[in-house]
There are 2 protein chains.
Amino acid sequence: MAQDHQDTTHQGMEKAGPGKGAADQATLLSNQLCFSIYSAAHLFNRTYKPLLDRLGLTYPQYLVMLVLWSGDGLTVKAIGEQLDLDSGTLTPLLKRLEAAGLVSRQRDPQNERLVRVTLTGAGRALQDHLGTVQQAILCATGLNLDGLKALKVQVDELRAGLAANLGPADQDG
Amino acid sequence: MAQDHQDTTHQGMEKAGPGKGAADQATLLSNQLCFSIYSAAHLFNRTYKPLLDRLGLTYPQYLVMLVLWSGDGLTVKAIGEQLDLDSGTLTPLLKRLEAAGLVSRQRDPQNERLVRVTLTGAGRALQDHLGTVQQAILCATGLNLDGLKALKVQVDELRAGLAANLGPADQDG
DNA sequence: CACCAACGAATTGCGCGCAATCTATTTGCG
DNA sequence: CGCAAATAGATTGCGCGCAATTCGTTGGTG
């Protein structure tokens with residue numbers, strides 16, 4: 001389980017002099033927060049892995065299945081918009097899901113540019129294991145309902161902030 | 001900027017009957033929280049990219065440099081413990097940093113199993129850009145000091161919970 | 001000393017994640 | 001209609017992240 005990285009303060013800032021402690025603390029914290037998120041994402045991935053291995057899915061594949069379980073026959077683009085992934089990631093992933101017999105991919109006859117992704121019987125059947133996986137994840141977080149709510153709200157605020165600064169802020173130097 | 005995933009409730013659970021709404025809500029939330037973290041990590045990565053591109057670093061490489069700036073001459077294993085990465089990830093990464101002239105890698109004469117990673121002059125010089133990058137990231141989060149603090153505390157609680165359930169909880173089916 | 005387990009790093013293989021490029025289809029406009 | 005722009009996917013290349021394996025070194029034991 002690696003280490004307790006929480007308290008380490010190795011994320012420098014030696015340049016700043018005294019008198020502006022709050023700003024320093026904020027830059028330090030944003031730096032550490034980023035690592036915490038990065039690390040938490042990996043921990044989630046490792047937590048999911050043994051659960052999803054039994055279903056023959058990776059976590060990103062599982063996300064795609066979640067999207068399809070909630071709305072079948074979507075295009076690659078529509079799936080990508082829900083998960084914030086592009087065709088460079090989705091095309092090979094979907095091919096693997098197709099090779100596994102979980103989905104089928106076919107061009108839309110009305111518009112040959114679109115590829116519609118449809119669940120097979122096996123793909124639909126996998127949904128039965130959804131509850132088991134989700135409950136195991138809930139348990140692994142060690143959080144209660146309030147903790148989950150509070151955290152998700154704040155992470156989503158962060159996401160909104162980061163997303164807002166992606167399009168516009170591209171000031172070159 | 002993808003989409004606003006916050007409110008979508010596509011993460012199923014049709015199986016559960018009525019009367020246990022709280023438990024359902026918790027499993028749903030843990031599922032959504034995981035996606036939020038996954039998505040936030042990617043957004044952070046995209047936010048860092050244009051900043052780090054100018055330094056010729058990727059975000060994981062930047063993390064390694066942060067570790068070395070705070071303590072030079074570490075072994076691969078020590079770096080891996082701080083970042084929760086293994087040699088399969090670090091060895092090629094460090095080779096790229098070495099090829100870029102930022103670090104040098106050499107076996108410890110006292111113990112030939114260890115590889116010590118040392119900053120070069122160019123590697124040390126890169127530290128000058130640290131403040132600029134960190135301030136840009138702080139700005140991009142859109143959070144203030146209190147928001148950063150609160151979020152980091154909660155993410156670290158989550159990390160602790162997930163880490164605690166990684167070693168022990170491996171109940172096979 | 002010989003041997004074997006432990007250790008640290010390197011290597012291999014695979015699946016993302018994303019930028020950049022390419023192809024095919026569709027749409028729009030004269 | 002004819003042709004350019006837009007659109008949707010596919011492809012390529014590269015760098016993680018991690019499991020599994022291999023290799024060389026070290027330490028402990030008989």
Side-chain angles (χ1 to χ4, degrees), chain A residues 1-2 35 38-50 52-53 56-65 74-81 83-100 103 105-117 166 170, chain B residues 1-2 35 38-50 52-53 56-65 74-81 83-100 103 105-117 166 170:
Chain A
M1 85 154 201
F35 176 79
Y38 164 90
S39 171
H42 290 168
L43 287 170
F44 258 129
N45 207 16
R46 288 177 218 165
T47 304
Y48 267 107
K49 185 162 195 317
L52 294 180
D53 271 351
L57 293 174
T58 64
Y59 180 65
Q61 289 169 7
Y62 172 72
L63 287 179
V64 169
M65 295 301 287
L74 295 178
T75 64
V76 174
K77 181 176 177 56
I79 296 171
E81 280 169 354
L83 300 179
D84 200 5
L85 296 172
D86 69 354
S87 73
T89 299
L90 285 175
T91 296
L93 188 157
L94 290 168
K95 281 186 178 179
R96 281 186 282 271
L97 287 182
E98 185 176 42
V103 306
R105 298 158 58 244
Q106 46 212 350
R107 294 273 169 186
D108 186 321
Q110 261 67 56
N111 187 340
E112 290 273 345
R113 285 178 301 188
L114 310 179
V115 168
R116 301 213 167 266
V117 183
L166 267 186
D170 201 71
Chain B
M1 86 155 205
F35 176 79
Y38 163 92
S39 171
H42 290 169
L43 286 170
F44 258 130
N45 205 17
R46 286 176 219 166
T47 304
Y48 267 107
K49 188 163 194 319
L52 294 180
D53 271 351
L57 293 175
T58 65
Y59 179 66
Q61 290 169 7
Y62 171 73
L63 288 178
V64 169
M65 295 301 287
L74 296 177
T75 64
V76 174
K77 183 178 175 54
I79 296 170
E81 280 168 354
L83 299 179
D84 199 6
L85 295 173
D86 70 355
S87 73
T89 299
L90 286 175
T91 295
L93 187 156
L94 290 168
K95 282 186 177 178
R96 280 185 282 271
L97 287 182
E98 187 176 40
V103 306
R105 298 157 58 243
Q106 45 212 350
R107 295 272 168 186
D108 186 321
Q110 263 67 55
N111 188 340
E112 291 272 347
R113 283 176 301 189
L114 310 179
V115 168
R116 300 214 168 267
V117 183
L166 267 186
D170 201 70

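Atom set for the values below is all heavy atoms of this structure, side chains included, hydrogens, waters and symmetry mates excluded. Since the model is a prediction, treat every value here as computed from it, not as a measurement. Just so we're on the same page: letters track the sequence lines, and every chain starts at 1.
The phosphate of dC16(D) (OP1 or OP2) has a side-chain N or O of Gln61(B) nearer than 4.0 angstrom. A sub-4.0 Å separation between OP1 or OP2 of dG9(D) and a side-chain N or O of Thr75(A) is present. Taking side-chain N and O atoms only, Arg105(B) has a distance below 4.0 Å to OP1 or OP2 of dA10(C). For the OP1/OP2 pair of dA6(C) and a distance below 4.0 Å, the side-chain nitrogens and oxygens of Arg113(B) include no atom meeting the criterion.
Closest to the side chain of Pro60(A), out of dG17(D), dG17(C), dA10(C), is dG17(C). Closest approach to the Leu114(A) side chain among dC16(D), dA10(C), dG9(D) is made by dG9(D) (side chain taken as heavy atoms from C-beta onward). You'll find that the side chain of Arg96(B) is closest to dC16(D), out of dG15(C), dC16(D), dG9(D). The side chain of Lys95(A) lies closest to dT11(D) when the candidates are dT11(D), dG9(D), dC16(D). For Tyr38(B), counting side-chain heavy atoms from C-beta on, the closest listed nucleotide (dT25(D), dG9(D), dG17(C)) is dG17(C). Side chain of Asp86(B), nearest nucleotide from dT26(D), dA9(C), dA19(D): dA19(D). Side-chain proximity of Ser87(A) to the nucleotides dT26(C), dA10(D), dA9(C) is greatest for dA10(D). Side-chain atoms of Thr91(A) lie closest to dA10(D) of the nucleotides dA10(D), dC18(C), dT11(C). Here the nucleotide nearest the side chain of Arg46(A), chosen from dA8(D), dC18(D), dG17(D), is dC18(D). If you check dG9(D), dC18(C), dA9(C) against the side chain of Val115(B), the one that comes closest is dA9(C).
Rounding to whole angstrom units, CD of residue Glu112(B) and C1' of dA6(C) are separated by 18 Å. Remark: P of dA9(C) and CZ of Arg107(B) are 7 Å apart, rounded to the nearest angstrom. dC16(C) atom C1' lies 14 Å from atom CG of Leu57(A), rounded to whole Å. Rounded to an integer number of Å, the gap from CG of Leu94(A) to P of dA8(D) is 16 Å. The nearest whole Å value for the distance from the CG atom in Leu85(B) to the P atom in dA19(D) is 12 Å. A straight line from CD of Gln110(B) to P of dG8(C) spans 16 Å, rounded to a whole angstrom. What separates OH of Tyr59(A) from C1' of dC16(D) is a distance of 18 Å, to the nearest Å. For the pair Leu90(A) CG and dG17(C) C1', the interatomic distance rounds to 10 Å; values are reported in whole Å.
Ionic pairing of Asp86(B) and Lys77(B) is not present here: no N-O contact between side-chain nitrogen and carboxylate oxygen is shorter than 4.0 angstrom. The existence of a salt bridge linking Glu112(A) and Arg107(A) is excluded, since no basic side-chain nitrogen approaches an acidic carboxylate oxygen closer than 4.0 Å.
Comparing Thr89(A) and His42(A) by the nucleotide of DNA chain D whose heavy atom lies nearest to each, the residue mapping closer to the 5' end is Thr89(A). Of the two residues near DNA chain D, Leu43(A) and Asn111(B), the one whose nearest nucleotide lies more 5' is Leu43(A).
At a threshold of 4.0 angstrom between heavy atoms, the contacts of Thr58(A) are confined to the sugar-phosphate backbone, with no base atom among them. At a threshold of 4.0 angstrom between heavy atoms, the contacts of Leu93(A) are confined to the sugar-phosphate backbone, with no base atom among them. Across all strands, Asn45(B) comes closer than 4.0 Å to no nucleic acid atom at all (heavy-atom distances).
Of all non-hydrogen atoms in Leu83(B) and Phe35(A), the two that sit nearest each other are CD2-CE1, 3.7 Å.
Of the possible polar contacts, none joining the Glu98(A) side chain to the Lys95(A) backbone as a donor-acceptor pair under 3.5 Å is found. Between the side chain of Thr47(A) and the backbone N or O of Leu43(A) there is at least one donor-acceptor pair closer than 3.5 Å.
Rounded to the nearest 0.5 Å, atoms CD1 (Ile79(B)) and CG (Leu93(B)) are 9.0 Å apart.
A ring-centre distance under 6.0 Å is found for Tyr38(A) and Tyr59(B).
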